[in-house]
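Note that these values count all heavy atoms, side chains included, but never hydrogens, waters or copies made by symmetry.
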Amino acid sequence: MKDLREQGLRHAIAEADAPAWHIRAAAGRRLAAAPRIEIVAGVLHRLLLDAQDTGVTSATAAALLARRDLAGLRAVLAARAVASDEGTADQLAAELDCDPRWATGEDGVELITQLRTLTSDADPEVRDEALSRLSRLR
């Protein structure tokens with residue numbers, strides 16, 4: 001079973017460099033579903049900042065946020081913090097703003113708690129992005 005998962009990850013990593021945007025987007029969704037995204041963080045970061053199509057950015061960010069965990073949120077915040085292309089930055093902001101957890105009480109509390117946790121992240125850019133998101137709630 002582990003070999004199949006590793007093979008699937010290797011395949012998704014290879015597809016992250018595909019010329020077709022929809023294949024890169026699918027790779028982002030598969031990699032975001034990995035049990036430990038830390039091992040594919042660099043590839044996910046590259047997909048979040050895809051220079052050719054914001055569809056890849058959107059699909060990867062949505063899949064990471066759907067995890068509802070600190071690692072997924074951190075990955076999206078890290079990409080948003082360094083996005084230099086305006087379209088990519090706007091797409092990442094939209095995915096963060098449209099996270100369905102904002103729509104419900106307890107889930108919103110979960111998201112706010114995660115953002116508060118990330119305000120003490122080791123990466124200053126992640127910290128700043130988390131603080132920026134929280135400051136918009138006041």
**Request:** With sequence neighbours left out, write down each residue that passes side-chain contact (heavy atoms from CB on, under 4.5 Å) with Leu96, or none if nothing qualifies.
**Result:** Leu65, Leu73, Val76, Leu77, Arg80, Arg133
**Message:** Return the CG to CD distance between Leu70 and Glu110, rounded to the nearest 0.5 Å.
**Reply:** 10.5 Å
**Complete:** Only residue of Leu47, Leu48, Leu31 satisfying side-chain contact (heavy atoms from CB on, under 4.5 Å) with Leu64 is Leu48
**Prompt:** Which residue pairs pass the side-chain hydrogen bond (donor to acceptor under 3.5 Å, both in side chains) test with at least one member in residues 111-120, sequence neighbours excluded?
**Reply:** Arg101-Gln114
**Prompt:** Among pairs that include at least one residue of residues 81-96, which meet salt bridge (charged side-chain N to carboxylate O under 4.0 Å, His left out), considering only residues two or more places apart or in two chains?
**Reply:** none
**Request:** Please list, chain by chain and in numerical order, all residues satisfying side chain to side chain donor-acceptor pair (under 3.5 Å) with Asp69, sequence neighbours excluded.
**Result:** Arg67
**Side-chain (Ser58) to main-chain (Gly55) donor-acceptor, under 3.5 angstrom** = no
**Message:** So, using side chain to side chain donor-acceptor pair (under 3.5 Å) as the criterion, who are the partners of Asp121 when residues are at least two apart?
**Reply:** Arg74
**Prompt:** Mind checking what makes side-chain contact (heavy atoms from CB on, under 4.5 Å) contact with Ala51, not counting sequence neighbours?
**Reply:** none
**Item:** Taking every non-hydrogen atom, the tightest pair across Gly28 and Leu44
**Value:** O-CD2, 3.9 Å
**Request:** Any pair with a residue in residues 12-32 that passes salt bridge (charged side-chain N to carboxylate O under 4.0 Å, His left out), sequence neighbours left out, goes on the list, sorted by first then second residue, please.
**Result:** Glu15-Arg30, Asp17-Arg46, Arg24-Asp50
**Message:** Rounded at 0.5 Å granularity, tell me how far CG in Leu115 sits from CZ in Arg136.
**Reply:** 10.5 Å
**Residue pair Ala59 / Ala25: nearest heavy atoms and the distance that separates them** = CB-CB, 3.8 Å
**Asked** Can you check whether Ala83's main-chain N or O pairs, donor with acceptor, with Thr88's side chain at less than 3.5 Å?
**Response** no
**Request:** Please report the closest heavy-atom contact between Arg127 and Ala122, naming both atoms and the distance.
**Result:** NH1-O, 3.4 Å
**Prompt:** Side chains of His22 and Asp53: closer than 4.5 Å at any heavy-atom pair?
**Reply:** no
**Message:** Are Trp21 and Leu49 connected into the same hydrophobic cluster when the rule is that any two of I, L, V, M, F, W, Y join if their side-chain heavy atoms are below 4.5 Å apart?
**Reply:** yes
**Asked** If you look at every heavy atom in Ala63 and Ala32, which pair is closest and at what distance?
**Response** CB-CB, 3.6 Å
